Amino acid sequence: MAATTAIYHAPLGFSSPFHRRRAQALNLTPISISIPKSSSALRISSLPKLDFVRSPLAFRISKKPTVLLASSSTPEPAPEKSVEPWQGAKIMPLLASISTGVVLWFVPVPAGVTREAWNLLAIFLATVVGIITQPLPLGAVALLGLGASVLTKTLTFTAAFSAFGDPIPWLIALAFFFARGFIKTGLGNRVAYQFVSLFGSSSLGLGYSLVFSEALLAPAIPSVSARAGGIFLPLVKSLCVACGSNVGDGTERKLGSWLMLTCFQTSVISSAMFLTAMAANPLSANLTFGAIGQTIGWTDWAVAAFVPGLVSLILVPLILYIVYPPTIKSSPDAPKLAKEKLALMGPMTKNETIMAVTLLLTVGLWIFGGKIGVDAVTAAILGLSILLITGVVTWKECLAESVAWDTLTWFAALIAMAGYLNKYGLITWFSQSVVKFVGGLGLSWQLSFGILVLLYFYSHYFFASGAAHIGAMFTAFLSVSSALGTPPLFGAMVLAFLSNLMGGLTHYGIGSAPVFYGANYVPLSTWWGFGFLISVVNIIIWLGIGGCWWKFIGLW
């Protein structure tokens with residue numbers, strides 16, 4: 001038996017011969033402690049455990065602070081209960097969000113706008129403020145916004161939750177599940193180490209290898225959500241982890257923050273470079289033909305976008321590297337280490353092979369599925385089904401992907417509210433008001449078109465979908481710019497290019513935004529701040545260098 005401690009006190013009968021013999025038999029060490037007669041309790045700390053106590057005064061001593069009570073004593077008052085920390089909403093951000101909605105709600109409704117549309121705008125802007133300030137997680141904020149719209153009868157329940165049947169939010173959620181399989185199987189690490197072995201001697205070189213790889217795939221995959229989320233997000237995550245840049249442990253800035261922001265901002269550039277790089281681009285082409293009777297072909301689009309797009313792909317990563325640099329800039333030993341890791345991994349496992357084949361099948365359907373009637377989200381569901389059936393990914397793991405479900409919730413909520421702002425006529429009213437204002441200034445067509453472009457671009461803060469923005473405002477802005485003297489085809493193509501680039505403003509403006517933001521490497525305020533900065537850079541590049549190029553090829 002381990003040595004323990006007994007406590008004796010002669011006045012209470014502990015020092016009798018019987019107790020002494022018992023203590024010696026149990027190898028107990030006697031310690032004399034005096035207990036005043038007036039004491040009802042004795043608090044003892046830092047004493048070893050007493051395993052054997054049989055006496056008129058029974059008590060137990062442990063290593064933790066303990067209250068020892070005599071049989072005739074009065075219990076000491078129970079300690080005060082500790083106050084649990086507040087786990088609800090952050091009060092000040094919540095008040096800011098609610099105040100925005102309440103103030104706008106009671107502002108007089110402008111002429112030409114229905115009360116219904118204005119109320120929905122108030123709720124939408126309050127939700128956006130909540131998403132920016134985050135009194136609660138994003139999904140919870142969006143759910144509160146939907147609840148407010150239903151409670152005030154601004155939207156019916158069916159209308160408020162209609163976007164949960166939209167394919168884009170589900171495609172984004174499915175992309176997170178694919179990322180889980182990509183990382184779990186080790187295939188992500190294998191591909192990441194291959195990239196590191198080839199380009200990993202510098203962070204900038206690694207970033208450019210990803211940027212131009214994504215741009216090469218852009219014309220073949222007409223969904224930026226599928227391209228960014230299904231292929232490049234898992235790869236980027238794996239590269240970040242391989243380089244010791246993880247979420248939540250203070251190492252985000254090592255590589256992950258810069259790489260996530262760079263890959264996102266360049267994804268909108270590659271989407272603008274090809275007619276088939278983004279699902280909404282053909283919509284711009286169709287609306288152009290309907291408005292001015294001219295066709296934008298695949299080659300026309302690619303030739304016009306090639307020069308400004310290439311300049312943007314080169315400059316944007318470099319600018320972000322300067323203003324938001326990774327702390328790891330040079331790692332000359334990284335390629336050697338990556339090769340050693342690949343050697344340790346050995347040949348591909350069965351699950352890696354299944355994951356690779358499934359990914360190739362899904363990407364193939366994203367590229368060629370339109371010819372056989374299989375859309376992007378159906379292809380993703382088919383791919384996930386294979387992973388579930390083979391056990392590469394389990395349903396419990398899908399349920400545990402909280403970021404996927406959170407993103408699905410807030411993105412679907414914003415799509416629903418933005419869609420009904422359009423249906424209620426608010427976007428049409430806004431477009432017509434802008435057009436009348438610019439048209440009445442009497443400026444040259446170049447200046448008028450510049451103002452229209454800026455208003456068209458930055459109004460995207462009110463949209464959670466490029467397609468919704470194009471459908472609501474493209475025709476109106478193109479028609480007015482043409483009426484003010486802008487060469488029609490030139491105006492159409494510029495608006496079409498910007499319809500992709502404006503997706504970089506927010507974390508909800510285009511399909512790749514929730515995917516990369518959901519990785520949690522970049523804070524929301526930083527995301528929006530650099531979104532605005534890069535928007536200015538892109539506008540200068542596309543209207544400046546691009547304008548010269550378009551003049552050279554005879555577009556205006």
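FYI, the numbering just counts along the sequence from 1. Just so it is clear, the structure is predicted and the values come from calculations on it, not from any experiment.
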Give a yes or no on whether [X] atom [atom1] has more than 12 heavy-atom contacts from other residues, nucleotides or ligands under 6.0 Å away.
{"X": "Tyr458", "atom1": "OH", "answer": "yes"}
{"X": "Lys329", "atom1": "NZ", "answer": "yes"}
{"X": "Phe462", "atom1": "CZ", "answer": "no"}

Looking at side-chain heavy atoms only, is the closest gap between [X] and [Y] below 4.5 Å?
{"X": "Leu239", "Y": "Leu210", "answer": "yes"}
{"X": "Tyr321", "Y": "Pro326", "answer": "yes"}
{"X": "Pro514", "Y": "Leu408", "answer": "no"}
{"X": "Lys184", "Y": "Met355", "answer": "no"}
{"X": "Leu287", "Y": "Leu478", "answer": "no"}
{"X": "Val480", "Y": "Val438", "answer": "no"}

Mind checking the [atom1]-[atom2] spacing from [X] to [Y]? Nearest 0.5 Å is all I need.
{"X": "Ile354", "Y": "Ile386", "atom1": "CD1", "atom2": "CD1", "result": "10.0 Å"}
{"X": "Ile314", "Y": "Tyr208", "atom1": "CD1", "atom2": "OH", "result": "7.0 Å"}
{"X": "Trp395", "Y": "Phe177", "atom1": "CH2", "atom2": "CZ", "result": "5.5 Å"}
{"X": "Thr156", "Y": "Phe161", "atom1": "OG1", "atom2": "CZ", "result": "10.5 Å"}

Do [X] and [Y] meet the criterion of a side-chain donor-acceptor pair at a distance under 3.5 Å?
{"X": "Thr409", "Y": "Asp406", "value": "no"}
{"X": "His460", "Y": "Thr506", "value": "no"}
{"X": "Ser499", "Y": "Tyr456", "value": "yes"}
{"X": "Glu214", "Y": "Ser270", "value": "yes"}
{"X": "Tyr324", "Y": "Thr262", "value": "no"}

Can a donor-acceptor pair be found, under 3.5 Å and without considering hydrogens, that links the side chain of [X] to the backbone of [Y]?
{"X": "Glu401", "Y": "Glu397", "answer": "no"}
{"X": "Ser512", "Y": "Val224", "answer": "no"}
{"X": "Asn281", "Y": "Phe274", "answer": "yes"}
{"X": "Thr266", "Y": "Cys263", "answer": "yes"}
{"X": "Gln265", "Y": "Gly504", "answer": "yes"}

- Message: Over 60° means perpendicular and under 30° means parallel, so tell me whether Trp170 and Trp405 are parallel, tilted or perpendicular.
- Response: perpendicular

- Note on the structure: Between His507 and the options Trp410, Phe530, Trp527, Tyr461, the ring-ring contact (aromatic ring centres under 6.0 Å, His included) test singles out Trp410

- Should Ser312 and Asn538 be marked as a side chain to side chain donor-acceptor pair (under 3.5 Å) after you check the CA-CA gap, both sets of side-chain angles, and the distance that decides it? CA-CA 7 Å; Ser312 284; Asn538 278 328; 3.2 Å; yes

- Task: Answer yes or no for Lys371 and Phe368: cation-pi contact, defined as NZ/CZ to six-membered ring centre under 6.0 Å and angle to ring axis within 45°.
- Result: no

